There are 2 protein chains.
Amino acid sequence: MTKHQTKTNELEVELRRAGVRITRPRQTILRILSETDDHPDAYEIFRRASAVDSSISLSTVYRTMKLLEQRGAIHRHAFEGGPSRFEHAGEEHHDHLIDVETGDVIEFRSERIEALQDEIARELGYDILHHRLELYGRKRRAVGKR
Amino acid sequence: MTKHQTKTNELEVELRRAGVRITRPRQTILRILSETDDHPDAYEIFRRASAVDSSISLSTVYRTMKLLEQRGAIHRHAFEGGPSRFEHAGEEHHDHLIDVETGDVIEFRSERIEALQDEIARELGYDILHHRLELYGRKRRAVGKR
DNA sequence: GGCCATTTGCAACTGGTTGTCATCTGGATC
DNA sequence: GATCCAGATGACAACCAGTTGCAAATGGCC
């Protein structure tokens with residue numbers, strides 16, 4: 001019951017230490033993000049936040065997302081044909097497989113792909129700042145089974 | 001001088017055969033695409049088209065891009081933080097390295113990365129419909145020089 | 001050349017996001 | 001605790017890329 005509370009506070013304390021004002025809306029949003037392990041968009045975060053504090057505005061959600069992104073606390077993903085979706089940072093870097101039928105996002109990581117990317121960039125004379133790898137797919141039905 | 005003309009006509013004839021009406025605006029846009037080997041966005045195509053036929057509207061450019069995309073004649077790329085950019089299809093599949101300073105796009109292809117992607121998707125129980133791999137980087141300056 | 005389904009240009013609209021601004025508030029200071 | 005004010009907020013207008021409704025124009029088959 002105090003589990004999430006604790007998680008929230010970690011980030012909260014960190015931000016506070018960095019001189020970021022922790023206002024009520026921000027606290028609410030931080031809590032929601034800490035309780036989340038999907039990839040909600042701004043409106044979905046707004047919806048969840050509204051349930052807790054109905055006075056929160058969508059603008060504030062957007063502003064807070066931008067702030068947190070700049071602080072490196074969350075990552076923004078612009079999957080194709082939709083609004084930006086967010087996830088809290090912290091876990092190691094990974095890429096995404098998006099289920100085109102449900103919108104579900106599956107995270108994966110491949111050291112070999114990462115390494116190949118660096119190699120390619122080096123050959124082309126570039127330093128990679130970041131990259132984006134998204135697979136768009138459909139769940140495979142087991143063959144021979146219903 | 002008839003070089004581009006020829007290239008345009010190939011696609012034009014192909015579309016015509018498929019029952020697509022080749023109107024003047026479409027002809028102009030097709031010519032521009034055939035003369036292009038960068039990755040212009042809709043507005044840039046509109047700009048170039050306007051120079052040839054000032055009556056063309058941006059709506060028509062968007063509508064034509066959508067049509068050509070559906071016909072598989074061009075590919076649409078939504079690189080981060082900008083409008084969709086297009087390139088004529090035909091060459092084999094490739095990925096992109098975007099120069100974050102200039103916006104230049106460098107195409108590359110890695111069989112090994114392609115293969116790894118398929119492998120990963122298979123392991124996760126998915127069939128890949130398509131994917132997106134973009135590297136964002138900055139040109140490396142030669143060490144010790146300049 | 002005539003016909004009519006399609007396409008066009010224009011303007012109004014959309015969805016996601018950012019900007020403006022008057023008001024409010026966190027938290028440092030007393 | 002009460003005071004204060006830079007910075008944050010909510011309401012809403014503006015923005016941008018892209019889409020759509022509509023009346024007028026046109027491609028291409030007869």
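None of the values given here were measured: they were computed from a predicted structure. So you know, we letter chains A, B, ... as the sequences are listed, proteins then strands, and number each from 1.
- Between A:Glu14 and A:Arg17, none of the side-chain N atoms (NZ, or NE/NH1/NH2) sits under 4.0 Å from a carboxylate O, so this pair counts as no salt bridge.
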Legend entry - Letter per nucleotide, 5' to 3', of nucleotides 10-17 of chain C [B base touched, S only sugar-phosphate touched, - untouched; heavy atoms, 4.0 Å]: BB----SB
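- Within a heavy-atom distance below 4.0 Å of DNA chain C, no residue of residues 96-104 of chain A is found.
- By the 4.0 Å N-to-carboxylate-O rule, B:Glu35 lies too far from B:Arg31 to be salt-bridged with it.
- The interatomic distance linking A:Asp53 (CG) with D:dA8 (P) rounds to 18 Å, in whole Å.
- A perpendicular orientation is assigned to the rings of B:Phe79 and B:His96, their planes being inclined by more than 60° (bins at 30° and 60°).
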Inset, instruction - For each nucleotide in nucleotides 23-30 of chain C, reading 5' to 3', give B when a protein heavy atom comes within less than 4.0 Å of its base, S when such contact involves only the sugar-phosphate, and - otherwise. - result: --BBS---
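- B:Phe46 has its CZ atom 9 Å from the P atom of C:dG9, to the nearest Å.
- Other cluster members for A:Leu135: A:Leu97, A:Ile106, A:Phe108, A:Ile113, A:Leu116, A:Ile120, A:Leu124, A:Tyr126, A:Ile128, A:Leu133, B:Leu97, B:Ile106, B:Phe108, B:Ile113, B:Leu116, B:Ile120, B:Leu124, B:Tyr126, B:Ile128, B:Leu133, B:Leu135, joined by side-chain heavy-atom distances under 4.5 Å among Ile, Leu, Val, Met, Phe, Trp and Tyr.
- As a whole-Å value, the separation of A:Arg26 CZ from D:dG10 C1' is 14 Å.
- Judged as a salt bridge (Lys or Arg N to Asp or Glu O under 4.0 Å), and not counting sequence neighbours, the contacts of A:Glu69 are A:Arg76.
- Looking at B:Lys139 and B:Glu101, no side-chain N of the basic residue comes within less than 4.0 Å of a carboxylate O on the acidic one, giving no salt bridge.
- We find that CD of A:Glu80 is positioned 14 Å from P of D:dG18, with the value rounded to whole Å.
- A:His77 and B:Glu80 share no side-chain donor-acceptor pair at under 3.5 Å.
- Atom CE in B:Met65 sits 10.5 Å away from atom OG1 in B:Thr60 (nearest 0.5 Å).
- Rounded to the nearest 0.5 Å, atoms CG (A:Asp95) and CD (A:Glu107) are 10.0 Å apart.
- For CZ of A:Arg112, the number of neighbouring non-hydrogen atoms (other residues, nucleotides, ligands) closer than 6.0 Å is 12 at most.
- Using a 4.0 Å cut-off between charged side-chain N and carboxylate O, B:Asp53 and B:Arg26 make no salt bridge.
- Both A:Leu15 and A:Tyr62 are members of a single hydrophobic cluster when ILVMFWY side chains are connected at heavy-atom separations under 4.5 Å.
- The terminal axes of the helix from C:dG1-D:dC30 to C:dC30-D:dG1, fitted over 5 pairs per end, subtend an angle of 30° to the nearest 10°.
- Partner of B:His39 under the side chain to side chain donor-acceptor pair (under 3.5 Å) criterion, chosen from B:Glu87, B:Arg85, B:His75: B:Glu87.
- Between the CE atom of A:Met65 and the C1' atom of D:dA8 there is a distance of 15 Å, given to the nearest Å.
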